[in-house]
Number of protein chains: 2
Amino acid sequence: MKRTIFLYGLALAALITLLKFLEYRLFVRDLSMEFYIGIIALMFTVLGVWVGLKLTRKKTIIINPNFQFDESRLEKYGISKREYEVLELMSKGHSNQEIADKLFVSLNTVKTHSSNLFLKLEAKRRTQAIQRAKELALIP
Amino acid sequence: MKRTIFLYGLALAALITLLKFLEYRLFVRDLSMEFYIGIIALMFTVLGVWVGLKLTRKKTIIINPNFQFDESRLEKYGISKREYEVLELMSKGHSNQEIADKLFVSLNTVKTHSSNLFLKLEAKRRTQAIQRAKELALIP
DNA sequence: AACCAAATCACCCTTTCGGGTGAAGGTTTT
DNA sequence: AAAACCTTCACCCGAAAGGGTGATTTGGTT
């Protein structure tokens, strides 16, 4: 982060130097105003894109490839064991009926669990719930 | 994506209008050159940051950092570009209607694409298709 | 004993999904 | 030109999913 800011300062300094040089050329010679403005706009756009990239790249790494189950995370979101079992099967692509068969409960029960899951994970659909759960490292 | 580019164009147009206005003020009145340059630099930096953010936001959602997109895999399963776009949005938890809105096509079109996807991925449900696609390293 | 959270199930109703089929327009390949 | 493929869209219909509400049982806590 500090390095990014340092590099940003460096780039800024370089830009200003270049600008001053261009400014000199502008007033002494034949460079048109439009060209000058264009250069400035281009340079600062590039600079802005670069800064934007630098500042957001970090968020990419937040999530985990090597999954480690952590029960405290479940408590954090108030997800019970049974709900978690439903969530796991759900993420593997099973239908509610299949989940009901595997857990030896009725279809209605699975629906209740999944409804509660959606509330706790702030999801509207099961695919969204799965996505959320992965982001929260609840499931691999 | 198309929307981003469109908005970018719009923002650019607005900026240029503002620039022309400032340019007028500069030559007719009392605005200093430095001030003018500063405004331009600032505006285009902001624009650049915004564009940078827009272009990288997608990568923020990636769960598996060691994912490498490989087009040959898609060909292996006969998945077209459009179908792949649907698959991506699907895996992010969007409904068919939401996907249709994002891709600027009708709900029926999305259904067709997803049906074809299920055939090609040998899946019965969208959750299963997502699971399969991840196993096949088609999506992160 | 009283209380509470979890788990179970039911019923009703709406929305979303998914399968099947057909079709039109466009591009690429043969 | 014909064939093959992609993309787009439509209609119908049944299956699955999801929301809301209420009820019962059970195990653990107070």
Side-chain angles (χ1 to χ4, degrees), chain A residues 69-134 138-139, chain B residues 1-3 5 69-134 138-139:
Chain A
F69 178 75
D70 184 1
E71 194 170 345
S72 68
R73 288 181 190 276
L74 294 186
E75 292 168 10
K76 187 175 174 185
Y77 295 95
I79 297 173
S80 69
K81 289 125 257 150
R82 213 52 167 163
E83 285 166 356
Y84 185 69
E85 292 181 278
V86 171
L87 177 60
E88 279 183 309
L89 293 173
M90 207 179 257
S91 76
K92 290 176 184 168
H94 295 292
S95 70
N96 284 340
Q97 185 58 65
E98 287 172 352
I99 296 172
D101 294 342
K102 281 180 185 289
L103 298 182
F104 299 106
V105 295
S106 81
L107 175 60
N108 285 310
T109 302
V110 175
K111 284 187 176 185
T112 303
H113 287 322
S114 62
S115 278
N116 291 332
L117 272 171
F118 298 153
L119 285 177
K120 292 168 182 175
L121 292 174
E122 295 174 352
K124 292 176 183 172
R125 282 167 289 282
R126 50 178 44 214
T127 48
Q128 215 173 70
I130 294 167
Q131 177 74 1
R132 275 286 289 156
K134 295 200 177 200
L138 298 177
I139 53 178
Chain B
M1 187 53 168
K2 285 175 184 170
R3 226 174 99 261
I5 292 176
F69 178 75
D70 184 2
E71 195 171 343
S72 67
R73 289 179 190 276
L74 294 185
E75 292 169 9
K76 188 175 172 184
Y77 296 95
I79 296 173
S80 69
K81 289 125 257 144
R82 213 53 167 161
E83 285 165 356
Y84 184 69
E85 292 181 276
V86 171
L87 176 60
E88 279 182 309
L89 293 173
M90 208 179 256
S91 76
K92 289 175 186 167
H94 296 292
S95 70
N96 284 339
Q97 185 60 63
E98 286 171 351
I99 295 171
D101 293 343
K102 281 180 185 289
L103 297 182
F104 299 105
V105 295
S106 80
L107 175 60
N108 286 311
T109 302
V110 176
K111 284 186 177 186
T112 303
H113 287 323
S114 61
S115 280
N116 290 333
L117 271 172
F118 298 153
L119 286 178
K120 291 169 183 176
L121 292 174
E122 296 173 350
K124 293 177 182 173
R125 283 167 288 282
R126 50 176 47 213
T127 48
Q128 214 173 70
I130 294 166
Q131 178 73 2
R132 276 287 287 157
K134 295 201 177 199
L138 298 177
I139 54 176

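Below, chain A is the first sequence line, B the second, and so on; all start at residue 1. Everything numeric in this text was worked out from a predicted model, so none of it was measured.
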Is the shortest distance from a Lys or Arg side-chain nitrogen in B:Lys120 or B:Glu83 to a carboxylate oxygen in the other one below 4.0 Å?
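The answer is yes: the pair qualifies as a salt bridge.
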Looking at A:Glu98 and B:Arg125, does any basic side-chain N land under 4.0 Å from a carboxylate oxygen?
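Looking at B:Arg125 together with A:Glu98, the answer is yes, because their closest N to O distance falls below 4.0 Å.
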Distance check needed: [N] [atom2] versus [X] [atom1], whole Å only.
X        : N      : atom1 : atom2 : result
B:Leu107 : D:dA10 : CG    : P     : 9 Å
B:Ile130 : C:dC17 : CD1   : C1'   : 13 Å
A:Glu75  : C:dA5  : CD    : P     : 15 Å
B:Asn108 : C:dC17 : CG    : P     : 13 Å
B:Gln97  : D:dG18 : CD    : C1'   : 17 Å
B:Arg126 : D:dG18 : CZ    : P     : 10 Å
B:Leu87  : D:dT7  : CG    : P     : 13 Å
B:Asn116 : D:dC9  : CG    : C1'   : 13 Å

Using the closest heavy atom to pick a nucleotide of DNA chain D for each, name whichever of B:His113 or B:Arg125 lands nearer the 5' end.
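Comparing both residues, the 5'-ward one is B:His113.
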Using heavy atoms to find the nearest nucleotide of DNA chain D for B:Val105 and B:Lys111 separately, return the residue whose nucleotide is more 5′.
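Checking each residue's closest nucleotide, the 5'-ward one belongs to B:Val105.
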May I ask you to evaluate whether [X] reaches the phosphate of [N], defined as a side-chain N or O under 4.0 Å from OP1 or OP2?
X        : N      : answer
A:Ser106 : C:dC9  : yes
A:Ser80  : C:dA7  : yes
B:Ser115 : C:dG18 : no
A:Arg82  : C:dA6  : no

Which part of the nucleic acid, if any, lies within reach of A:Thr112 when heavy atoms closer than 4.0 Å are counted: base, sugar-phosphate only, or nothing?
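Base contact.
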Just call it for B:Asn96: base, sugar-phosphate, or nothing, with non-hydrogen atoms closer than 4.0 Å on any strand.
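Sugar-phosphate only.
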Side-chain-base donor-acceptor pair under 3.5 Å for B:Ser95 and C:dC17:
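Not at all, since no donor on one side and acceptor on the other fall under 3.5 Å apart.
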Please check: side-chain N/O of A:Gln128 versus main-chain N/O of A:Lys124, any donor-acceptor pairing under 3.5 Å?
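Yes; judged by distance alone, with no hydrogens or angles, the pair exists.
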Does any part of the side chain of B:Leu103, heavy atoms only, come nearer than 4.5 Å to the side chain of B:Leu89, both counted from C-beta?
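In contact.
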Is any side-chain heavy atom of B:Ile79 less than 4.5 Å from a side-chain heavy atom of B:Leu121?
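Yes - at least one pair of side-chain heavy atoms lies under 4.5 Å apart.
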Let me know, please, whether B:Phe118 or A:Lys120 comes out on the 5' side of the other along DNA chain C by nearest nucleotide.
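This one resolves to A:Lys120.
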